[in-house]
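The structure under discussion appears below in the form of structure tokens.
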Amino acid sequence: MAVQVELAGTLKTGREEISEDPVLVAGMDASYGHSSAYAAIVIMGYPDLTFQSRVEARSPTRFPYVPGFFAFREIPALLEAYNLVGNPPGVLLVHGHGYSHPRRAGIAIHLGAFLGIPSIGVAGRPLPGMEVSEPGESRGACSEIIMEEEVTGVFLRTQEDTRPVYISAGYRTTLTQAIRIALSCCRHSRFPEPIRLADRAAGRMRRRHERNILQGDQV
DNA sequence: GCGACAG
DNA sequence: ATCTTGTCGC
């Protein structure tokens, strides 16, 4: 908790913005096996979403899943994967909350600050303490996420007939930019395409690797 | 005491 | 996050 409070205190989240749209956006996610975390990062062009590259890494799981402390579990593996990235992306799309967090320091903020790259938080479920109302039914409709009287993000409908996602500012991005960029990256899916591809890649890597381990293969 | 709890 | 089961749609 002290790390998160300290982190949030040194930043001015939401009040600082990137001057230009990114040329490259990165989607980051991880999958978990028996004792390993499998992280994947997919980089795409913005706003055309042309595939650029994908990197993957495996590392031991060192921290349990505890709501509110997701960053400590997921970041180590994501950093190992990031070491393999070639051209640095202009924005990180992180699968998890950013400013919408009990201490305003969700994984998107933590990861972005650590790497010094603007980031955006995109989550599929709420964290305790969030108050939201159902947004309109059309793509792009959104309602505020309120925590302790403060607007920390938005509940955004990225596709019709689909459950909205939780969007919040990350490191050096405003909520307005987060909404626009995240929505621009959603093609025919609920989540931004880079995150979706990273999610699939991480899952594939996990299944392939753990299947080979059971066979006693050397991987 | 019970429910709620990013992934 | 993972697992299992079933259904719909490309």
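Chain naming here is simple, since letters A, B, ... match the order of the sequence lines and numbering starts at 1 in each. Basis for what follows: all heavy atoms, side chains included, without hydrogens, waters or symmetry-related copies.
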Quick one: pull up OH in A/Y32 and CZ in A/R206 and give me the separation to the nearest 0.5 Å. 12.0 Å

Aromatic ring proximity A/F72/A/H110, centre distance under 6.0 Å: yes

Please state how far atom NE2 in A/H97 lies from atom P in B/dC5, giving the value in whole angstrom units. 11 Å

Can you name the one residue among A/H95, A/M28, A/E74 that meets side chain to side chain contact (heavy atoms under 4.5 Å, CB included) with A/I107? A/E74

List the atom pairs, donor and acceptor, that lie under 3.5 Å between side-chain atoms in residues 124-134 of chain A and the rest of the protein, sequence neighbours left out.
| unit_1 | atom_1 | unit_2 | atom_2 | d |
| --- | --- | --- | --- | --- |
| A/E134 | OE2 | A/R157 | NH2 | 3.2 |

Heteroatom pairs (N/O) under 3.5 angstrom, protein to nucleotides 3-8 of chain C:
| unit_1 | atom_1 | unit_2 | atom_2 | d |
| --- | --- | --- | --- | --- |
| C/dC3 | OP1 | A/R206 | NH2 | 3.4 |
| C/dC3 | OP2 | A/R206 | NH2 | 3.1 |

Between atom CZ in A/F63 and atom P in B/dG7, what is the gap in whole Å? 17 Å

Give me the residues of residues 69-77 of chain A where at least one heavy atom lies under 4.0 Å from an atom of DNA chain B, by number, or none. A/F69, A/F70

Looking at every strand, decide which applies to A/H95 at a 4.0 Å heavy-atom threshold: base, sugar-phosphate, or nothing. sugar-phosphate

I'd like to check the side-chain hydrogen bond (donor to acceptor under 3.5 Å, both in side chains) partners of A/Y166; sequence neighbours left out, ordered by chain and number. none

Dot-bracket for DNA chain C, 5' to 3', Watson-Crick and G-U pairs with both distances under 3.5 Å, [ ] for crossing pairs, | for partner on another strand, reads ..........

Are the side chain of A/Q177 and the backbone of A/I18 linked by a donor-acceptor contact shorter than 3.5 Å? yes

Once you apply a heavy-atom cut-off of 4.0 Å, does A/G124 come out as touching a base, just sugar-phosphate, or nothing? sugar-phosphate

Among all residues two or more places apart in sequence or in another chain, which pass the side-chain hydrogen bond (donor to acceptor under 3.5 Å, both in side chains) test with A/R104? A/E148, A/E150

Testing A/R207, A/R208, A/E210, A/E56 one by one against A/Y38 for a side chain to side chain donor-acceptor pair (under 3.5 Å), which residue passes? A/E210

Which parts of residues 166-178 of chain A get close to DNA chain B, meaning a heavy atom less than 4.0 angstrom away? none

If you write DNA chain B from 5' to 3' in dot-bracket form, with Watson-Crick or G-U pairs under 3.5 Å, [ ] for crossing pairs and | for pairs with another strand, what do you get? .......

Do any N or O atoms from the side chain of A/T158 and from the backbone of A/R190 form a donor-acceptor pair under 3.5 angstrom? yes

Are the side chain of A/S100 and the backbone N or O of A/H97 linked by a donor-acceptor pair below 3.5 Å? no

Nearest-angstrom distance from the residue atom CZ of A/F191 to C1' of C/dA1: 13 Å

A/S53 (side chain) donor-acceptor with A/I43 (main chain) under 3.5 angstrom: no

With A/N87, which residues qualify under side-chain hydrogen bond (donor to acceptor under 3.5 Å, both in side chains), at least two apart? none

The criterion is salt bridge (Lys or Arg N to Asp or Glu O under 4.0 Å); which residues satisfy it with A/R196, sequence neighbours excluded? A/E193

Is the phosphate of B/dG7 approached by A/S31 (side-chain N or O, under 4.0 Å from OP1 or OP2)? no

Separation between CD1 (A/I109) and OG (A/S168), nearest 0.5 Å, reads 7.0 Å

May I ask you to list the residues of residues 125-136 of chain A, by number, that have any heavy atom positioned under 4.0 Å from an atom of DNA chain B? A/R125, A/P126, A/L127, A/P128

Distance check needed: C/dT2 P versus A/R200 CZ, whole Å only. 15 Å

Using 0.5 Å steps for rounding, measure from the SG atom of A/C186 to the CD1 atom of A/I181. 12.0 Å

For the atom pair CZ (A/F63) and CZ (A/F69), what is the distance rounded to the nearest 0.5 Å? 7.5 Å

Nearest-angstrom distance from the residue atom OH of A/Y38 to C1' of B/dG7: 17 Å

For A/R180, what residues pass the side-chain hydrogen bond (donor to acceptor under 3.5 Å, both in side chains) criterion, not counting sequence neighbours? A/D21

Spell out, as yes or no, whether a donor-acceptor pair under 3.5 Å connects the side chain of A/Q4 to the backbone of A/P102. no

